[in-house]
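Structure, as C-alpha coordinates:
When reading the values below, keep in mind they use all heavy atoms of this one structure, side chains included, and skip hydrogens, waters and symmetry mates.
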Amino acid sequence: MAALSKSIPHNCYEIGHTWHPSCGVSFVQITGGALEESLKIYAPLYLIAAILRKRKLDYYLHKLLPEILQSASFLTANGALYMAFFCILRKILGKFYSWSPGFGAALPASYVAILIERKSRRGLLTIYMANLATETLFRMGVARGTITTLRNGEVLLFCITAAMYMFFFRCKDGLKGFTFSALRFIVGKEEIPTHSYSPEAAYARVEQKTEKHEETPRMSIIALVRKLVDSICKHGPRHRCCKHYEDNCISYCIKGFIRMFSVGYLIQCCLRIPSAFRHLFTQPSRLLSLFYNKENFQLGAFLGSFVSIYKGTSCFLRWVRNLDDELHAIIAGFLAGVSMMFYKSTTISMYLASKLVETMYFKGIEAGKVPYFPHADTIIYSISTAICFQAAVMEVQTLRPSYWKFLLRLTKGKFAVMNRKVLDVFGTGASKHFQDFIPRLDPRYTTVAPEFPIEFS
(Lines give C-alpha, C1' and ligand atoms only; values in the text may rest on other atoms or scores of the structure.)
Protein backbone atom coordinates (compact mmCIF):
# COMPACT_ATOMS: atom_id res chain seq x y z
CA MET A 1 0.00 0.00 0.00
CA ALA A 2 1.32 3.41 -0.95
CA ALA A 3 2.62 5.45 1.98
CA LEU A 4 0.71 8.69 2.33
CA SER A 5 3.85 10.56 3.37
CA LYS A 6 5.90 9.52 0.33
CA SER A 7 6.29 12.23 -2.30
CA ILE A 8 7.88 12.99 -5.68
CA PRO A 9 9.32 16.37 -6.78
CA HIS A 10 7.89 16.39 -10.33
CA ASN A 11 5.74 19.30 -11.48
CA CYS A 12 2.24 19.15 -12.96
CA TYR A 13 3.55 19.20 -16.55
CA GLU A 14 5.69 16.11 -15.92
CA ILE A 15 2.79 14.15 -14.39
CA GLY A 16 -0.55 15.54 -15.58
CA HIS A 17 -0.74 17.64 -18.75
CA THR A 18 2.22 16.04 -20.53
CA TRP A 19 0.92 17.19 -23.91
CA HIS A 20 1.58 20.90 -23.16
CA PRO A 21 3.80 22.62 -20.57
CA SER A 22 1.35 25.48 -19.90
CA CYS A 23 -1.24 24.94 -17.16
CA GLY A 24 -3.54 27.59 -18.69
CA VAL A 25 -3.45 26.14 -22.20
CA SER A 26 -4.04 22.62 -20.84
CA PHE A 27 -7.01 23.84 -18.82
CA VAL A 28 -8.55 25.50 -21.89
CA GLN A 29 -8.04 22.38 -24.01
CA ILE A 30 -9.62 20.13 -21.39
CA THR A 31 -12.53 22.55 -20.99
CA GLY A 32 -13.20 22.72 -24.74
CA GLY A 33 -13.11 18.97 -25.18
CA ALA A 34 -15.27 18.33 -22.12
CA LEU A 35 -17.86 20.89 -23.23
CA GLU A 36 -18.11 19.36 -26.69
CA GLU A 37 -18.59 15.84 -25.33
CA SER A 38 -21.01 17.02 -22.64
CA LEU A 39 -23.28 18.59 -25.24
CA LYS A 40 -23.11 15.41 -27.32
CA ILE A 41 -24.20 13.43 -24.29
CA TYR A 42 -26.95 15.63 -22.85
CA ALA A 43 -28.55 17.11 -25.99
CA PRO A 44 -29.95 13.81 -27.37
CA LEU A 45 -30.59 12.49 -23.85
CA TYR A 46 -32.79 15.43 -22.84
CA LEU A 47 -34.50 15.55 -26.22
CA ILE A 48 -35.46 11.87 -26.14
CA ALA A 49 -36.61 12.20 -22.52
CA ALA A 50 -38.79 15.17 -23.47
CA ILE A 51 -40.38 13.24 -26.34
CA LEU A 52 -41.07 10.19 -24.17
CA ARG A 53 -42.62 12.38 -21.47
CA LYS A 54 -44.75 14.14 -24.09
CA ARG A 55 -43.63 17.60 -23.11
CA LYS A 56 -45.57 20.57 -24.42
CA LEU A 57 -44.22 23.13 -26.88
CA ASP A 58 -43.50 25.60 -24.10
CA TYR A 59 -40.92 23.20 -22.64
CA TYR A 60 -39.03 22.94 -25.93
CA LEU A 61 -39.03 26.73 -26.36
CA HIS A 62 -38.05 27.84 -22.87
CA LYS A 63 -36.71 24.97 -20.74
CA LEU A 64 -35.02 22.35 -22.91
CA LEU A 65 -31.94 24.38 -23.90
CA PRO A 66 -31.28 25.81 -20.40
CA GLU A 67 -31.47 22.31 -18.88
CA ILE A 68 -29.08 20.91 -21.49
CA LEU A 69 -26.63 23.75 -20.92
CA GLN A 70 -26.83 23.42 -17.13
CA SER A 71 -26.09 19.69 -17.13
CA ALA A 72 -23.39 20.14 -19.78
CA SER A 73 -21.81 22.88 -17.63
CA PHE A 74 -21.81 20.55 -14.63
CA LEU A 75 -20.01 17.79 -16.52
CA THR A 76 -17.59 20.22 -18.16
CA ALA A 77 -16.77 21.78 -14.80
CA ASN A 78 -16.09 18.38 -13.29
CA GLY A 79 -13.40 17.67 -15.87
CA ALA A 80 -11.98 21.18 -16.27
CA LEU A 81 -11.81 22.01 -12.56
CA TYR A 82 -10.02 18.74 -11.90
CA MET A 83 -7.25 19.92 -14.22
CA ALA A 84 -7.21 23.31 -12.50
CA PHE A 85 -7.01 21.89 -8.96
CA PHE A 86 -4.42 19.36 -10.13
CA CYS A 87 -2.06 22.25 -10.94
CA ILE A 88 -3.10 24.43 -7.99
CA LEU A 89 -2.51 21.65 -5.48
CA ARG A 90 0.95 20.95 -6.90
CA LYS A 91 1.88 24.64 -6.58
CA ILE A 92 0.60 24.78 -2.98
CA LEU A 93 2.26 21.56 -1.80
CA GLY A 94 5.40 21.90 -3.91
CA LYS A 95 5.37 18.18 -4.71
CA PHE A 96 3.04 15.26 -5.37
CA TYR A 97 1.85 12.81 -2.73
CA SER A 98 0.04 9.54 -3.42
CA TRP A 99 -3.37 11.12 -2.74
CA SER A 100 -2.91 14.55 -4.36
CA PRO A 101 -3.06 13.87 -8.16
CA GLY A 102 -6.29 11.89 -7.84
CA PHE A 103 -8.37 12.28 -4.69
CA GLY A 104 -6.95 15.65 -3.66
CA ALA A 105 -7.61 17.40 -6.97
CA ALA A 106 -10.96 15.72 -7.69
CA LEU A 107 -12.59 16.41 -4.29
CA PRO A 108 -12.95 20.22 -4.58
CA ALA A 109 -13.54 20.00 -8.34
CA SER A 110 -16.47 17.60 -8.01
CA TYR A 111 -17.94 19.54 -5.08
CA VAL A 112 -18.05 22.78 -7.07
CA ALA A 113 -19.32 20.95 -10.19
CA ILE A 114 -22.28 19.24 -8.49
CA LEU A 115 -23.51 22.60 -7.21
CA ILE A 116 -23.96 23.67 -10.84
CA GLU A 117 -26.23 20.73 -11.63
CA ARG A 118 -29.99 20.84 -11.03
CA LYS A 119 -31.07 19.68 -7.57
CA SER A 120 -33.49 17.16 -9.06
CA ARG A 121 -30.58 15.26 -10.65
CA ARG A 122 -28.12 15.38 -7.77
CA GLY A 123 -29.67 12.40 -6.01
CA LEU A 124 -29.39 10.12 -9.07
CA LEU A 125 -25.82 11.21 -9.72
CA THR A 126 -24.91 10.62 -6.07
CA ILE A 127 -26.35 7.09 -6.08
CA TYR A 128 -24.51 6.23 -9.28
CA MET A 129 -21.15 7.57 -8.09
CA ALA A 130 -21.52 6.07 -4.60
CA ASN A 131 -22.21 2.70 -6.22
CA LEU A 132 -19.19 3.10 -8.49
CA ALA A 133 -16.93 4.21 -5.62
CA THR A 134 -18.00 1.25 -3.47
CA GLU A 135 -17.23 -1.16 -6.29
CA THR A 136 -13.86 0.55 -6.83
CA LEU A 137 -12.93 0.33 -3.14
CA PHE A 138 -13.89 -3.35 -3.18
CA ARG A 139 -11.60 -3.98 -6.14
CA MET A 140 -8.81 -2.05 -4.43
CA GLY A 141 -9.20 -4.27 -1.39
CA VAL A 142 -9.11 -7.40 -3.51
CA ALA A 143 -5.99 -6.17 -5.35
CA ARG A 144 -4.24 -5.58 -2.00
CA GLY A 145 -5.35 -8.91 -0.55
CA THR A 146 -7.30 -7.29 2.30
CA ILE A 147 -10.63 -8.53 0.93
CA THR A 148 -11.31 -12.09 -0.13
CA THR A 149 -13.74 -12.51 -3.00
CA LEU A 150 -16.80 -14.64 -2.42
CA ARG A 151 -17.88 -16.93 -5.22
CA ASN A 152 -21.14 -15.68 -6.72
CA GLY A 153 -21.03 -12.81 -4.26
CA GLU A 154 -22.98 -10.55 -6.62
CA VAL A 155 -25.76 -13.14 -6.70
CA LEU A 156 -25.90 -13.35 -2.90
CA LEU A 157 -26.00 -9.55 -2.65
CA PHE A 158 -28.82 -9.45 -5.18
CA CYS A 159 -30.75 -12.10 -3.24
CA ILE A 160 -30.57 -10.04 -0.04
CA THR A 161 -31.44 -6.83 -1.87
CA ALA A 162 -34.36 -8.44 -3.72
CA ALA A 163 -35.72 -9.86 -0.44
CA MET A 164 -35.78 -6.40 1.16
CA TYR A 165 -37.19 -4.69 -1.92
CA MET A 166 -40.04 -7.18 -2.23
CA PHE A 167 -40.80 -6.87 1.48
CA PHE A 168 -41.07 -3.09 1.19
CA PHE A 169 -43.17 -3.57 -1.94
CA ARG A 170 -45.66 -5.68 -0.01
CA CYS A 171 -45.77 -3.36 3.01
CA LYS A 172 -48.19 -0.48 3.15
CA ASP A 173 -46.47 2.70 1.92
CA GLY A 174 -43.23 0.72 1.75
CA LEU A 175 -42.19 1.96 -1.67
CA LYS A 176 -43.26 4.96 -3.70
CA GLY A 177 -42.69 6.54 -7.05
CA PHE A 178 -40.62 4.93 -9.78
CA THR A 179 -39.41 2.00 -7.67
CA PHE A 180 -42.95 0.92 -6.83
CA SER A 181 -44.07 1.32 -10.46
CA ALA A 182 -41.09 -0.68 -11.72
CA LEU A 183 -41.75 -3.59 -9.35
CA ARG A 184 -45.46 -3.50 -10.18
CA PHE A 185 -44.55 -3.83 -13.86
CA ILE A 186 -42.10 -6.67 -13.20
CA VAL A 187 -44.07 -8.89 -10.81
CA GLY A 188 -47.54 -7.81 -11.92
CA LYS A 189 -50.43 -5.98 -10.32
CA GLU A 190 -51.66 -9.22 -8.71
CA GLU A 191 -48.90 -8.92 -6.11
CA ILE A 192 -49.79 -5.36 -5.15
CA PRO A 193 -50.73 -5.30 -1.45
CA THR A 194 -54.29 -4.28 -0.60
CA HIS A 195 -54.08 -4.66 3.21
CA SER A 196 -57.86 -5.04 3.36
CA TYR A 197 -57.78 -8.36 1.60
CA SER A 198 -60.48 -10.90 2.30
CA PRO A 199 -59.98 -14.33 0.70
CA GLU A 200 -63.68 -15.12 1.02
CA ALA A 201 -64.63 -11.91 -0.80
CA ALA A 202 -62.11 -12.66 -3.54
CA TYR A 203 -63.48 -16.17 -3.93
CA ALA A 204 -67.01 -14.81 -4.23
CA ARG A 205 -65.76 -12.28 -6.79
CA VAL A 206 -64.29 -15.05 -8.93
CA GLU A 207 -67.51 -17.07 -8.73
CA GLN A 208 -69.51 -13.99 -9.70
CA LYS A 209 -67.24 -13.33 -12.70
CA THR A 210 -67.52 -16.97 -13.76
CA GLU A 211 -71.30 -16.85 -13.66
CA LYS A 212 -71.30 -13.63 -15.64
CA HIS A 213 -69.14 -15.20 -18.34
CA GLU A 214 -71.43 -18.24 -18.47
CA GLU A 215 -74.53 -16.09 -18.93
CA THR A 216 -73.13 -14.42 -22.06
CA PRO A 217 -72.69 -16.87 -24.98
CA ARG A 218 -69.67 -16.34 -27.26
CA MET A 219 -69.95 -17.54 -30.83
CA SER A 220 -66.79 -16.18 -32.49
CA ILE A 221 -63.69 -18.32 -33.02
CA ILE A 222 -61.54 -15.94 -30.95
CA ALA A 223 -64.03 -16.16 -28.08
CA LEU A 224 -64.04 -19.95 -28.25
CA VAL A 225 -60.24 -20.10 -28.19
CA ARG A 226 -60.14 -17.69 -25.27
CA LYS A 227 -62.74 -19.73 -23.46
CA LEU A 228 -60.64 -22.87 -23.96
CA VAL A 229 -57.50 -21.17 -22.62
CA ASP A 230 -59.44 -19.74 -19.68
CA SER A 231 -60.84 -23.13 -18.83
CA ILE A 232 -57.34 -24.62 -18.75
CA CYS A 233 -56.08 -21.80 -16.55
CA LYS A 234 -59.05 -21.63 -14.19
CA HIS A 235 -59.63 -25.31 -13.61
CA GLY A 236 -56.23 -25.84 -11.99
CA PRO A 237 -55.32 -25.34 -8.33
CA ARG A 238 -55.54 -21.82 -6.97
CA HIS A 239 -55.52 -20.92 -3.31
CA ARG A 240 -58.28 -18.66 -2.10
CA CYS A 241 -55.66 -16.13 -0.82
CA CYS A 242 -54.17 -15.76 -4.31
CA LYS A 243 -55.34 -12.68 -6.20
CA HIS A 244 -54.62 -13.92 -9.74
CA TYR A 245 -58.30 -14.53 -10.40
CA GLU A 246 -57.95 -15.40 -14.08
CA ASP A 247 -55.32 -18.16 -13.68
CA ASN A 248 -54.42 -21.04 -11.47
CA CYS A 249 -51.10 -20.91 -9.64
CA ILE A 250 -49.21 -22.97 -12.22
CA SER A 251 -50.31 -20.99 -15.28
CA TYR A 252 -49.81 -17.77 -13.29
CA CYS A 253 -46.11 -18.57 -12.87
CA ILE A 254 -45.67 -19.76 -16.46
CA LYS A 255 -47.30 -16.64 -17.89
CA GLY A 256 -45.10 -14.47 -15.67
CA PHE A 257 -41.99 -16.20 -17.00
CA ILE A 258 -43.02 -15.85 -20.66
CA ARG A 259 -43.94 -12.18 -20.25
CA MET A 260 -40.72 -11.05 -18.58
CA PHE A 261 -38.54 -13.34 -20.72
CA SER A 262 -39.95 -11.51 -23.75
CA VAL A 263 -39.30 -8.13 -22.12
CA GLY A 264 -35.68 -9.00 -21.30
CA TYR A 265 -35.06 -10.41 -24.75
CA LEU A 266 -36.45 -7.28 -26.45
CA ILE A 267 -34.48 -4.94 -24.17
CA GLN A 268 -31.21 -6.63 -25.05
CA CYS A 269 -32.12 -6.59 -28.75
CA CYS A 270 -32.80 -2.86 -28.60
CA LEU A 271 -29.47 -2.23 -26.88
CA ARG A 272 -27.67 -4.01 -29.72
CA ILE A 273 -29.47 -2.20 -32.54
CA PRO A 274 -27.02 0.76 -32.85
CA SER A 275 -23.94 -1.48 -33.14
CA ALA A 276 -25.71 -3.87 -35.51
CA PHE A 277 -26.85 -1.18 -37.94
CA ARG A 278 -23.41 0.42 -37.85
CA HIS A 279 -22.16 -2.68 -39.71
CA LEU A 280 -25.25 -3.05 -41.90
CA PHE A 281 -23.41 -2.62 -45.21
CA THR A 282 -19.94 -3.88 -44.28
CA GLN A 283 -21.01 -7.02 -42.38
CA PRO A 284 -24.71 -7.80 -43.06
CA SER A 285 -24.37 -11.15 -41.32
CA ARG A 286 -24.00 -9.32 -37.99
CA LEU A 287 -27.70 -8.45 -38.13
CA LEU A 288 -28.45 -12.07 -37.23
CA SER A 289 -26.61 -11.59 -33.96
CA LEU A 290 -29.23 -8.97 -33.11
CA PHE A 291 -31.75 -11.76 -32.58
CA TYR A 292 -29.62 -14.83 -31.94
CA ASN A 293 -27.28 -13.58 -29.25
CA LYS A 294 -26.44 -15.31 -26.00
CA GLU A 295 -26.92 -12.16 -23.92
CA ASN A 296 -30.47 -11.72 -25.25
CA PHE A 297 -31.50 -15.06 -23.82
CA GLN A 298 -29.52 -14.57 -20.62
CA LEU A 299 -31.30 -11.32 -19.74
CA GLY A 300 -34.64 -12.87 -20.69
CA ALA A 301 -33.95 -15.93 -18.52
CA PHE A 302 -32.90 -13.68 -15.64
CA LEU A 303 -36.05 -11.55 -15.65
CA GLY A 304 -38.38 -14.43 -16.49
CA SER A 305 -37.06 -16.77 -13.81
CA PHE A 306 -37.05 -13.96 -11.23
CA VAL A 307 -40.76 -13.36 -11.72
CA SER A 308 -41.74 -17.03 -11.94
CA ILE A 309 -39.74 -18.00 -8.84
CA TYR A 310 -41.15 -15.08 -6.87
CA LYS A 311 -44.73 -15.82 -7.89
CA GLY A 312 -44.32 -19.57 -7.42
CA THR A 313 -42.84 -19.19 -3.94
CA SER A 314 -45.53 -16.70 -2.93
CA CYS A 315 -48.28 -19.06 -4.08
CA PHE A 316 -46.60 -22.00 -2.33
CA LEU A 317 -46.39 -20.11 0.96
CA ARG A 318 -50.05 -19.10 0.68
CA TRP A 319 -50.96 -22.76 0.27
CA VAL A 320 -48.77 -23.87 3.18
CA ARG A 321 -49.72 -21.14 5.68
CA ASN A 322 -53.26 -20.54 4.42
CA LEU A 323 -52.81 -16.78 4.50
CA ASP A 324 -51.24 -13.93 2.54
CA ASP A 325 -48.47 -12.31 4.58
CA GLU A 326 -45.96 -9.57 3.80
CA LEU A 327 -43.22 -11.75 5.30
CA HIS A 328 -43.69 -14.15 2.40
CA ALA A 329 -42.08 -11.53 0.19
CA ILE A 330 -38.75 -11.84 2.04
CA ILE A 331 -38.47 -15.56 1.33
CA ALA A 332 -39.86 -15.27 -2.21
CA GLY A 333 -37.62 -12.31 -3.03
CA PHE A 334 -34.50 -14.03 -1.71
CA LEU A 335 -35.14 -17.21 -3.70
CA ALA A 336 -36.03 -15.18 -6.80
CA GLY A 337 -32.64 -13.47 -6.53
CA VAL A 338 -30.96 -16.76 -7.49
CA SER A 339 -32.16 -15.97 -11.02
CA MET A 340 -29.12 -13.69 -11.38
CA MET A 341 -27.10 -16.83 -12.06
CA PHE A 342 -28.37 -16.44 -15.63
CA TYR A 343 -27.13 -12.84 -15.93
CA LYS A 344 -24.41 -12.11 -13.38
CA SER A 345 -23.81 -8.39 -12.96
CA THR A 346 -21.91 -6.74 -10.14
CA THR A 347 -23.09 -3.36 -11.45
CA ILE A 348 -26.78 -4.26 -11.11
CA SER A 349 -26.30 -5.76 -7.64
CA MET A 350 -24.32 -2.80 -6.35
CA TYR A 351 -26.68 -0.22 -7.82
CA LEU A 352 -29.79 -1.85 -6.35
CA ALA A 353 -28.06 -2.26 -3.00
CA SER A 354 -27.15 1.45 -3.03
CA LYS A 355 -30.75 2.40 -3.84
CA LEU A 356 -31.94 0.14 -1.02
CA VAL A 357 -29.65 1.91 1.46
CA GLU A 358 -31.02 5.25 0.24
CA THR A 359 -34.60 4.01 0.64
CA MET A 360 -33.97 2.75 4.17
CA TYR A 361 -32.19 5.98 5.09
CA PHE A 362 -35.14 8.14 4.05
CA LYS A 363 -37.53 5.79 5.82
CA GLY A 364 -35.46 6.25 8.94
CA ILE A 365 -35.72 10.02 8.55
CA GLU A 366 -39.52 9.78 8.15
CA ALA A 367 -39.72 7.63 11.28
CA GLY A 368 -37.56 10.09 13.20
CA LYS A 369 -34.95 7.43 14.00
CA VAL A 370 -32.19 8.68 11.70
CA PRO A 371 -30.91 12.28 11.63
CA TYR A 372 -31.14 14.28 8.42
CA PHE A 373 -27.86 15.62 7.09
CA PRO A 374 -28.25 18.68 4.86
CA HIS A 375 -26.23 18.67 1.62
CA ALA A 376 -25.41 15.00 2.16
CA ASP A 377 -25.87 14.31 -1.55
CA THR A 378 -23.23 16.84 -2.61
CA ILE A 379 -20.74 15.58 -0.01
CA ILE A 380 -21.24 11.92 -0.91
CA TYR A 381 -21.00 12.72 -4.62
CA SER A 382 -17.75 14.64 -4.10
CA ILE A 383 -16.09 11.93 -2.02
CA SER A 384 -17.28 9.15 -4.35
CA THR A 385 -16.05 10.96 -7.46
CA ALA A 386 -12.71 11.69 -5.78
CA ILE A 387 -12.28 7.98 -5.00
CA CYS A 388 -12.95 7.07 -8.63
CA PHE A 389 -10.48 9.70 -9.88
CA GLN A 390 -7.88 8.38 -7.44
CA ALA A 391 -8.31 4.96 -9.03
CA ALA A 392 -8.21 6.44 -12.54
CA VAL A 393 -4.83 8.03 -11.81
CA MET A 394 -3.11 5.55 -9.49
CA GLU A 395 -4.65 2.14 -10.29
CA VAL A 396 -6.93 2.20 -13.29
CA GLN A 397 -7.18 -1.60 -13.21
CA THR A 398 -9.53 -1.29 -10.22
CA LEU A 399 -11.91 1.10 -12.01
CA ARG A 400 -15.01 -0.06 -13.85
CA PRO A 401 -14.04 -0.23 -17.57
CA SER A 402 -17.14 1.64 -18.73
CA TYR A 403 -16.31 4.61 -16.46
CA TRP A 404 -12.71 4.66 -17.65
CA LYS A 405 -13.93 4.84 -21.25
CA PHE A 406 -16.22 7.70 -20.21
CA LEU A 407 -13.28 9.62 -18.71
CA LEU A 408 -11.28 9.10 -21.88
CA ARG A 409 -14.18 10.38 -23.94
CA LEU A 410 -14.69 13.41 -21.73
CA THR A 411 -11.00 14.40 -21.89
CA LYS A 412 -10.48 13.48 -25.55
CA GLY A 413 -8.10 10.71 -24.51
CA LYS A 414 -5.87 12.99 -22.42
CA PHE A 415 -6.47 11.05 -19.21
CA ALA A 416 -4.48 8.21 -20.74
CA VAL A 417 -1.33 10.31 -21.36
CA MET A 418 -0.47 11.01 -17.73
CA ASN A 419 3.05 10.01 -16.76
CA ARG A 420 2.06 7.00 -14.69
CA LYS A 421 5.51 5.39 -14.75
CA VAL A 422 6.67 8.05 -12.32
CA LEU A 423 3.68 7.25 -10.07
CA ASP A 424 4.75 3.60 -9.75
CA VAL A 425 6.93 4.66 -6.82
CA PHE A 426 3.76 4.74 -4.67
CA GLY A 427 3.29 1.00 -5.14
CA THR A 428 -0.17 0.91 -6.72
CA GLY A 429 0.87 -0.31 -10.16
CA ALA A 430 -0.18 2.94 -11.79
CA SER A 431 1.47 2.12 -15.14
CA LYS A 432 0.27 -1.47 -15.28
CA HIS A 433 -1.86 -0.82 -18.37
CA PHE A 434 0.42 1.90 -19.79
CA GLN A 435 3.76 0.11 -20.09
CA ASP A 436 4.33 1.27 -23.66
CA PHE A 437 3.67 4.95 -23.00
CA ILE A 438 6.50 7.34 -22.14
CA PRO A 439 5.75 11.07 -22.56
CA ARG A 440 8.18 13.19 -24.58
CA LEU A 441 8.72 16.18 -22.35
CA ASP A 442 10.41 19.50 -23.02
CA PRO A 443 13.43 19.57 -20.62
CA ARG A 444 13.13 23.34 -20.31
CA TYR A 445 9.97 22.91 -18.22
CA THR A 446 10.87 19.85 -16.14
CA THR A 447 12.32 19.50 -12.65
CA VAL A 448 13.62 15.97 -13.30
CA ALA A 449 15.44 15.01 -16.48
CA PRO A 450 12.92 13.23 -18.76
CA GLU A 451 13.67 9.78 -20.15
CA PHE A 452 12.88 10.85 -23.72
CA PRO A 453 13.24 14.65 -23.90
CA ILE A 454 12.22 16.76 -26.88
CA GLU A 455 15.23 17.98 -28.82
CA PHE A 456 15.40 21.60 -30.04
CA SER A 457 17.61 22.88 -32.84
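Using a 30° and 60° split on the angle between ring planes, Trp99 and Tyr97 fall in the parallel class, below 30°. Ring planes of Phe415 and Trp404: perpendicular class, angle over 60° (limits at 30 and 60°).
By the 4.0 Å N-to-carboxylate-O rule, Glu135 lies close enough to Arg400 to be salt-bridged with it. Lys412 has a carboxylate O that lies under 4.0 Å from a charged side-chain N of Glu36, or vice versa, which qualifies the two as a salt bridge. Of the charged side-chain nitrogens involved, none lies within less than 4.0 Å of a carboxylate oxygen, so that Glu191 and Lys243 do not count as a salt-bridged pair. Between Asp377 and Arg121, none of the side-chain N atoms (NZ, or NE/NH1/NH2) sits under 4.0 Å from a carboxylate O, so this pair counts as no salt bridge.
A donor-acceptor pair under 3.5 Å is formed between the side chain of Ser345 and the backbone N or O of Ile348. Not a single donor-acceptor pair under 3.5 Å links the side chain of Asn152 to the backbone N or O of Val155. Between the side chain of Ser349 and the backbone N or O of Thr346 there is no donor-acceptor pair closer than 3.5 Å. Counting only distance, with no hydrogens or angles, the side chain of Thr428 and the backbone of Met394 share a donor-acceptor pair below 3.5 Å. Of the possible polar contacts, one joining the Asp424 side chain to the Ser431 backbone as a donor-acceptor pair under 3.5 Å is found. No donor-acceptor pair under 3.5 Å is formed between the side chain of Ser308 and the backbone N or O of Phe257. A donor-acceptor pair is defined here as one N or O able to donate and one able to accept, closer than 3.5 Å; such a pair exists between the side chain of Lys311 and the backbone of Val187. Of the possible polar contacts, none joining the Glu117 side chain to the Ser73 backbone as a donor-acceptor pair under 3.5 Å is found. Checked by atom type and distance alone, the side chain of Thr18 never pairs as donor or acceptor with a backbone atom of Pro439 at under 3.5 Å. In this structure, Ser110 contributes its side chain and Leu107 its backbone to a donor-acceptor pair below 3.5 Å.
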For this session: In sequence, state the C-alpha distance, the side-chain angles, and the governing distance for Phe185 and Val263, and then conclude on side chain to side chain contact (heavy atoms under 4.5 Å, CB included).
Result: CA-CA 11 Å; Phe185 172 78; Val263 170; 4.2 Å; yes
Problem set entry | CA sep, side-chain torsions, deciding dist, call: Phe302, Phe158, ring-ring contact (aromatic ring centres under 6.0 Å, His included) | CA-CA 12 Å; Phe302 165 49; Phe158 181 72; 5.6 Å; yes
Problem set entry | Working for salt bridge (charged side-chain N to carboxylate O under 4.0 Å, His left out), residues Lys344 and Glu154 | CA-CA 7 Å; Lys344 293 182 181 180; Glu154 69 273 33; 5.0 Å; no
Exercise. Please walk me through it: do Tyr403 and Phe406 pass ring-ring contact (aromatic ring centres under 6.0 Å, His included)?
Worked result: CA-CA 5 Å; Tyr403 190 72; Phe406 167 74; 5.8 Å; yes
For this session: Would you check, one step at a time, whether the test salt bridge (charged side-chain N to carboxylate O under 4.0 Å, His left out) holds for Arg170 with Asp324?
Result: CA-CA 10 Å; Arg170 289 297 311 273; Asp324 192 17; 3.3 Å; yes
For this session: Please test Tyr343 against Phe306 for ring-ring contact (aromatic ring centres under 6.0 Å, His included), starting from the C-alpha separation and ending with a verdict.
Result: CA-CA 11 Å; Tyr343 193 81; Phe306 178 88; over 10 Å; no
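Taking the side chain as every heavy atom from C-beta outward, Phe167 and Phe334 never approach each other to under 4.5 Å. Between Tyr310 and Met166, some side-chain heavy-atom pair lies under the 4.5 Å cut-off. Side-chain contact between Thr385 and Tyr381 is present, with heavy atoms from C-beta onward closer than 4.5 Å. Arg409 places a side-chain heavy atom less than 4.5 Å from the side chain of Ile41. Counting only heavy atoms from C-beta outward, the side chains of Phe74 and Leu125 approach each other to under 4.5 Å. Using a 4.5 Å cut-off on side-chain heavy atoms (C-beta onward), Glu67 and Gln70 make no contact. The side-chain heavy atoms of Met350 and Lys355, taken from C-beta on, include no pair separated by under 4.5 Å. Side-chain contact check for Met341 versus Val338: some heavy-atom pair is nearer than 4.5 Å.
For the pair Cys388 and Leu399, the tightest heavy-atom approach, listed with the atom from each and the gap, is O-CD1, 3.8 Å. Closest of all the heavy-atom pairs between Gly429 and Gln397 is O-NE2, 3.5 Å. The minimum heavy-atom distance between Pro44 and Leu39, with the atom names listed, is CD-O, 3.9 Å. The shortest heavy-atom contact between Ser354 and Ile127 is O-CD1, 3.9 Å. When every heavy atom of Met418 is checked against every heavy atom of Phe437, the shortest pair comes out as O-CE2, 3.6 Å. Scanning both residues, Pro101 and Ser98, for their nearest heavy atoms gives CD-O, 4.0 Å.
Atoms CG and CG, on Leu299 and Leu266 in that order, are 10.0 Å from each other to the nearest 0.5 Å. Once rounded to the nearest 0.5 Å, the distance linking CD1 of Ile116 with CG of Leu69 reads 12.5 Å. Atom OH of Tyr165 sits about 5.5 Å away from atom CG of Leu352, to the nearest 0.5 Å. Remark: Ser305 OG to Leu335 CG distance equals 12.0 Å, nearest 0.5 Å. Between the SG atom in Cys12 and the CZ atom in Arg90 there is a gap of 7.0 Å [rounded to 0.5 Å]. Summarising the geometry, atom CG belonging to Asn131 is positioned 7.0 Å from atom OG1 belonging to Thr347; distances are rounded to the nearest 0.5 Å.
Taking the centre of each ring, Tyr351 and Tyr128 stay at or above the 6.0 Å mark. Under the 6.0 Å cut-off for aromatic ring centres, Phe389 and Phe103 do not qualify, their centroids lying 6.0 Å or more apart.
By the 6.0 Å and 45° rule, Lys363 stacks over the aromatic ring of Phe168. A cation-pi arrangement, defined by a distance under 6.0 Å to the six-membered ring centre and an angle within 45 degrees of its axis, is absent between Arg122 and Tyr111.
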